[in-house]
Amino acid sequence: IYLDASLAFRRGDMTRAREQVQQILKYAPDHVPSLVLAGAIDLREKQPTAAEINLRKAVSQAPNHAGARQLLVQTYLRTGEPAKAKETLQPLVEKGMPSNPQLLLLAGETYLANGDVKAAGAFYQAASSAGQAQGVAAKTRLGQIALASGKADEGFKELEAASELDAGQYQADLAIIAGHLRRNEIDKAMEAVKALEKKQPKNPLTFQMYGLVHMAKRDVPAARRNFDKALELQPNYLPAAYNLGMLDV
């Protein structure tokens, strides 16, 4: 039954997965794998309170279960309880973090949420040399931290590396654009948007960013054309509709 629930979860059939895992927990309420799976289902279904109950029970039954702790940390971060997230993560940190890029990235997020930028940076640095997806996210965070710390050259270098690592993602590109706009480097921001367009030519977000850069240049007609283009690509794209409304006002 547990394997059936796991397969349903992997297929995205949350109804089947929940039915099967509840069947197990009805007769074996302390079955740790089922408690962890139930917590994962709750998280996927955006039910963090239920997820916390199942995952806390799993951790109390199996304190060394890294997967249960990882999910519980994610739950606390989602509910805005960074101190609890750090407390839950701490046993793994003290024993030496597993070489798991997802866990290293999560540790970085946890320490950053608690205001410990130095420790967060160390975890992001470790994650940046791990798996590609986690490496992109880690480098993006390292770049954002460097920019926020006034280390512009280092920050843009990390963000550009993250952008080059994965052509399918654009969070690093957005951070580059935002960084240049904050520094009033309008031409560099425009070049960054052009790079984004090569990666995401059909994404309304690309033309939303073009519009914002043109607004920074005080070129209202060009900004309007790009917001209109974003709505052509996706008629219910609210940021562009909002900006057009503000231009009309």
Side-chain angles (χ1 to χ4, degrees), residues 2-3 5-14 17-18 20-22 24-25 28-142 144-145 162 166 169 171:
Y2 171 75
L3 292 174
S6 298
L7 286 169
F9 179 79
R10 290 178 180 274
R11 289 196 302 264
D13 186 350
M14 295 300 114
R18 188 179 293 280
Q20 295 297 84
V21 83
Q22 284 176 347
I24 301 169
L25 293 174
D30 295 332
H31 185 240
V32 172
S34 295
L35 287 167
V36 175
L37 181 56
I41 294 167
D42 293 329
L43 272 182
R44 181 80 65 88
E45 298 279 89
K46 295 181 172 60
Q47 297 180 24
T49 302
E52 181 184 352
I53 292 170
N54 284 310
L55 294 167
R56 282 181 64 185
K57 191 171 182 181
V59 169
S60 70
Q61 295 289 332
N64 295 324
H65 195 303
R69 285 191 178 276
Q70 183 173 340
L71 288 171
L72 187 54
V73 170
Q74 289 176 8
T75 302
Y76 285 136
L77 289 178
R78 288 191 190 182
T79 56
E81 299 174 280
K84 286 186 177 180
K86 184 180 177 182
E87 181 184 345
T88 303
L89 185 70
Q90 200 60 32
L92 294 177
V93 175
E94 290 172 356
K95 291 180 180 178
M97 290 287 284
S99 57
N100 179 331
Q102 288 184 328
L103 195 53
L104 290 167
L105 192 59
L106 182 64
E109 294 294 305
T110 301
Y111 277 84
L112 188 62
N114 280 278
D116 190 340
V117 176
K118 184 177 179 181
F123 283 118
Y124 287 135
Q125 197 68 54
S128 69
S129 58
Q132 181 170 325
Q134 289 75 30
V136 171
K139 283 184 176 296
T140 300
R141 278 299 199 200
L142 286 168
Q144 291 170 327
I145 290 171
D166 192 349
Q169 298 294 321
Q171 283 75 16

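We're numbering straight along the sequence, starting at 1.
- The shortest heavy-atom contact between A85 and V73 is O-CG2, 3.5 Å.
- With hydrogens and angles disregarded, a donor-acceptor distance shorter than 3.5 Å links the side chain of N114 to the backbone of P82.
- Judged by distance alone, the side chain of R78 and the main-chain N or O of L43 form a donor-acceptor pair under 3.5 Å.
- With sequence neighbours excluded, the residues satisfying side-chain contact (heavy atoms from CB on, under 4.5 Å) with R11 are L7, A8.
- Considering only heavy atoms from C-beta on, F123 stays 4.5 Å or farther from L105 through its side chain.
- Side-chain N or O atoms of Y124 include one that pairs as donor or acceptor with a backbone N or O of E109 at under 3.5 Å.
- Annotation for Q90: atom CD counts as buried by contact number, over 12 foreign heavy atoms lying within 6.0 Å.
- No side-chain heavy atom of Y76 sits under 4.5 Å from any side-chain heavy atom of E87.
- Here the CG atom belonging to L37 is positioned 10.5 Å from the CG atom belonging to L3, to the nearest 0.5 angstrom.
- A donor-acceptor pair under 3.5 Å is absent between the side-chain atoms of R69 and the main chain of N64, judged by distance alone.
- The backbone N or O of P29 lies less than 3.5 Å from a partner atom in the side chain of K57, making a donor-acceptor pair.
- Using a 4.5 Å heavy-atom threshold, the side chains of L112 and I145 count as touching.
- Separation of atoms NZ (K86) and CG (D116) is listed at 5.5 Å; rounding is to 0.5 Å.
- The line from CZ of R18 to CZ of R44 is 11.5 Å long, rounded to the nearest 0.5 Å.
- Looking only at side-chain heavy atoms (C-beta outward), L106 and L77 come within less than 4.5 Å of each other.
- Distance check: E52 CD to T75 OG1 gives 7.5 Å after rounding to the nearest 0.5 Å.
- One finds the CD atom of Q70 at 12.5 Å from the OG1 atom of T88 (value rounded to the nearest 0.5 Å).
- Atom CG of L25 sits about 6.5 Å away from atom CG of N54, to the nearest 0.5 Å.
- Heavy atoms only, all atoms of each residue included: V21 and S34 are closest at CG2-O, 3.3 Å.
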